[in-house]
Amino acid sequence: MTLEDTIGTDNTGKKMQTIDQALEELLVAAQRQGCLTVGVYESAKLMNVDPDSVVMCLLAADDEDEGDIALQIHFTLIQAFCCENDINIVRLRGVKRLEEILEAGEESAEPLDVHCMLVTNSHTDVWKCEALEEVGSYCQESRNKNQWVPIVSLQER
């Protein structure tokens, strides 16, 4: 028996649960503040017009979306743009959970395209969010471990 067996050093599960919750909190807060752009095309337009306002990019896809070549091309282009402009990127699993989170705060009857979402800060009104800082730190830690685009799975409830 080693010291690791006795004490237990695997914090990965706790960290992932924490980052999972932080992402959900971030999405809800950004949506309330009007700082969330949802949709691949809407996100691409915003990044073209005002890339400096984008602080985080969330790319969501489940296993069934992996065969969608057009979506994967969009993801590749968006990721390249984000890397070039120092925008944090997170890949998400759990599209159904994302839809649940965002529809709870939306009154629209239209289905949301949650495959790409941008969290923004306006140049004049910067909002502070602990979840944004936590997810940003997680992205930085991942880059330090050479995982340039971390993958997080949202848990269904």
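Only this structure's heavy atoms are used, side chains among them; waters, hydrogens and symmetry mates stay out. Just so you know, residue 1 is the first one in the sequence shown, and it goes up from there.
Under the 4.5 Å side-chain heavy-atom criterion for ILVMFWY residues, no single connected hydrophobic cluster contains both Val114 and Met47. In the hydrophobic cluster analysis, where Ile, Leu, Val, Met, Phe, Trp and Tyr join through side-chain heavy atoms closer than 4.5 angstrom, Leu36 is grouped together with Val135. Phe81 is not connected to Val119 by any chain of hydrophobic side-chain contacts under 4.5 Å among Ile, Leu, Val, Met, Phe, Trp and Tyr, and they are in different clusters. Residues Val55 and Val152 fall within the same hydrophobic cluster, defined by Ile, Leu, Val, Met, Phe, Trp and Tyr side chains chained together at heavy-atom separations under 4.5 Å. Grouping the Ile, Leu, Val, Met, Phe, Trp and Tyr side chains by contacts below 4.5 angstrom, directly or via other members, places Leu118 with Ile87.
Under the 4.5 Å side-chain criterion, counting only non-hydrogen atoms from C-beta, Glu42 is not in contact with Leu46. Val54 places none of its side-chain heavy atoms less than 4.5 Å from the side chain of Thr37. Within the 4.5 Å cutoff, the side chain of Leu154 has no heavy atoms near those of the Arg93 side chain. Side-chain contact between Cys57 and Ser43 is absent, with no heavy atoms from C-beta onward closer than 4.5 Å. The side-chain heavy atoms of Met117 and Leu92, taken from C-beta on, include a pair separated by under 4.5 Å. Under the 4.5 Å side-chain criterion, counting only non-hydrogen atoms from C-beta, Leu112 is not in contact with Glu99. Contact of the Cys83 side chain with the Trp148 side chain is not registered, since no non-hydrogen atoms from C-beta on lie closer than 4.5 Å. Contact check for Ile78 versus Val40: side-chain heavy atoms found under the 4.5 Å cut-off.
Salt bridge status for Arg97 with Glu100: present, with a side-chain N to carboxylate O gap under 4.0 Å.
For Arg32, the salt bridge (charged side-chain N to carboxylate O under 4.0 Å, His left out) criterion is met by no residue, not counting sequence neighbours. Listed by chain and residue number, Gln79, Ile89, Arg91 satisfy the side-chain contact (heavy atoms from CB on, under 4.5 Å) test with Val149 (two or more places apart in sequence, or in another chain). Take Ile69 and apply the side-chain contact (heavy atoms from CB on, under 4.5 Å) test, not counting sequence neighbours, and it matches Ile73. Listed by chain and residue number, nothing satisfies the side-chain contact (heavy atoms from CB on, under 4.5 Å) test with Lys45 (two or more places apart in sequence, or in another chain). Qualifying side-chain contact (heavy atoms from CB on, under 4.5 Å) partners for Gln140, counting only residues two or more places apart in sequence or in other chains: Arg143, Asn144.
Under the 3.5 Å distance criterion, the side-chain polar atoms of Asn85 are left unmatched by any main-chain donor or acceptor of Cys82. Asp68 contributes a side-chain N or O that, together with a main-chain N or O of Ala70, makes up a donor-acceptor pair within less than 3.5 Å. Between the side chain of Glu24 and the backbone N or O of Ile101 there is no donor-acceptor pair closer than 3.5 Å.
The line from CD of Gln33 to OG1 of Thr120 is 10.0 Å long, rounded to the nearest 0.5 Å. In this structure, His115 NE2 and Leu71 CG are separated by 5.0 Å, a value rounded to the nearest 0.5 Å. Here the CG atom belonging to Leu26 is positioned 11.0 Å from the CD atom belonging to Gln31, to the nearest 0.5 angstrom.
Between His74 and Tyr41, the angle of the ring planes goes over 60°, which puts this pair in the perpendicular group of the 30/60° scheme.
Test Val90, Val28, Thr18 against Leu23 for side chain to side chain contact (heavy atoms under 4.5 Å, CB included) and you get one pass: Val90.
Shortest non-hydrogen contact noted between Tyr138 and Ile19 is CB-CD1, 3.3 Å. Closest non-hydrogen pair, Asn88 versus Cys139, comes out as OD1-CB, 3.7 Å. The minimum heavy-atom distance linking Ala22 with Ala131 is given by the pair O-CB, 3.3 Å.
Screening residues 49-70 for ring pair (Phe, Tyr, Trp, His ring centres under 6.0 Å), with sequence neighbours left out, gives no hits.
Dense packing is recorded around CD of Gln72, with more than 12 heavy atoms of other residues, nucleotides or ligands lying under 6.0 Å away.
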